[in-house]
Amino acid sequence: MLRLAVIGIVAGFFSALLGVGGGLIIVPLLLLLTQFTERPAMATSLGAIGITALAGTIRYGLQGDVEWGYAALIGLPAAVGAVAGTALQQRVRTRSLSLAFAALLLVVGVLLLTT
């Protein structure tokens, strides 16, 4: 339980600080520090993201920083993408999910370092 709470604090901190937290922070920490496997880690991360996003949105909203129209233009199609991604994820082998996730992290890291 303590590890999960620490993962939550770390994810919340980086979510608010850098706009990341879910897949980039929670999933690897659940895989490395707990007994989670890929699918439950990804599903748990999505559940946690909803709570984290709500808290961060309230805080930014109180400061007037949320562009609500743009948030809807991104968020509504993202919800459709999440449903499609979940359906596909259920059909992909666990090892393939691990490799795809690692490749995504590598590509994002390289792109951030080269911009």
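Computation of the quantities below employed the complete heavy-atom set of this structure, encompassing side-chain atoms and omitting hydrogens, waters and symmetry-equivalent molecules. Position 1 is the first residue of the sequence, and the numbers go up from there.
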Cluster question for you: counting only ILVMFWY and a side-chain heavy-atom cut-off of under 4.5 Å, with indirect links fine, are Phe13 and Leu24 together? yes
State the CD1-CG distance between Ile25 and Leu30, to the nearest 0.5 angstrom. 11.5 Å
Provide the closest heavy-atom pair for Thr57 versus Val66 in the form atom of the first, atom of the second, distance. O-CG2, 3.9 Å
Using the rule that two of Ile, Leu, Val, Met, Phe, Trp, Tyr join whenever any of their side-chain heavy atoms come within less than 4.5 Å, decide whether Leu105 and Ile26 are in one cluster. yes
Can you tell me if Arg59 uses its side chain to pair, donor with acceptor, with the backbone of Ala55 under 3.5 Å? no
Working to the nearest 0.5 Å, report the span between CG of Leu99 and CG of Leu106. 12.0 Å
Within this structure, what is the OG1-CZ distance for the pair Thr86 and Arg39, rounded to the nearest 0.5 Å? 11.0 Å
Report the distance from atom OG of Ser98 to atom CZ of Arg93, rounding to the nearest 0.5 Å. 10.0 Å
Smallest heavy-atom separation, Ala72 atom then Pro77 atom, equals O-CD, 3.7 Å
So, does Ser45 use its side chain to make a donor-acceptor pair with the main chain of Ala41 at under 3.5 Å? no
Under a 3.5 Å cutoff, is there a donor and acceptor pairing between the side chains of Glu38 and Thr94? no
Are Trp68 and Ile74 connected into the same hydrophobic cluster when the rule is that any two of I, L, V, M, F, W, Y join if their side-chain heavy atoms are below 4.5 Å apart? no
Would you kindly confirm whether Ile51 and Tyr60 end up in one hydrophobic cluster when ILVMFWY residues are joined by side chain heavy atoms under 4.5 Å apart? no
Got more than 12 heavy atoms from elsewhere within 6.0 Å of CD, Gln90? yes
Transitively linked via ILVMFWY side-chain contacts under 4.5 Å: Phe101 with Val108? no
Give the C-alpha distance, both sets of side-chain angles, the deciding distance and a yes or no for side chain to side chain contact (heavy atoms under 4.5 Å, CB included) between Leu4 and Thr44. CA-CA 11 Å; Leu4 294 176; Thr44 301; over 6 Å; no
Mark yes or no for whether Arg3, through its side chain, and Leu29, through its backbone, hold a donor-acceptor pair below 3.5 Å. no
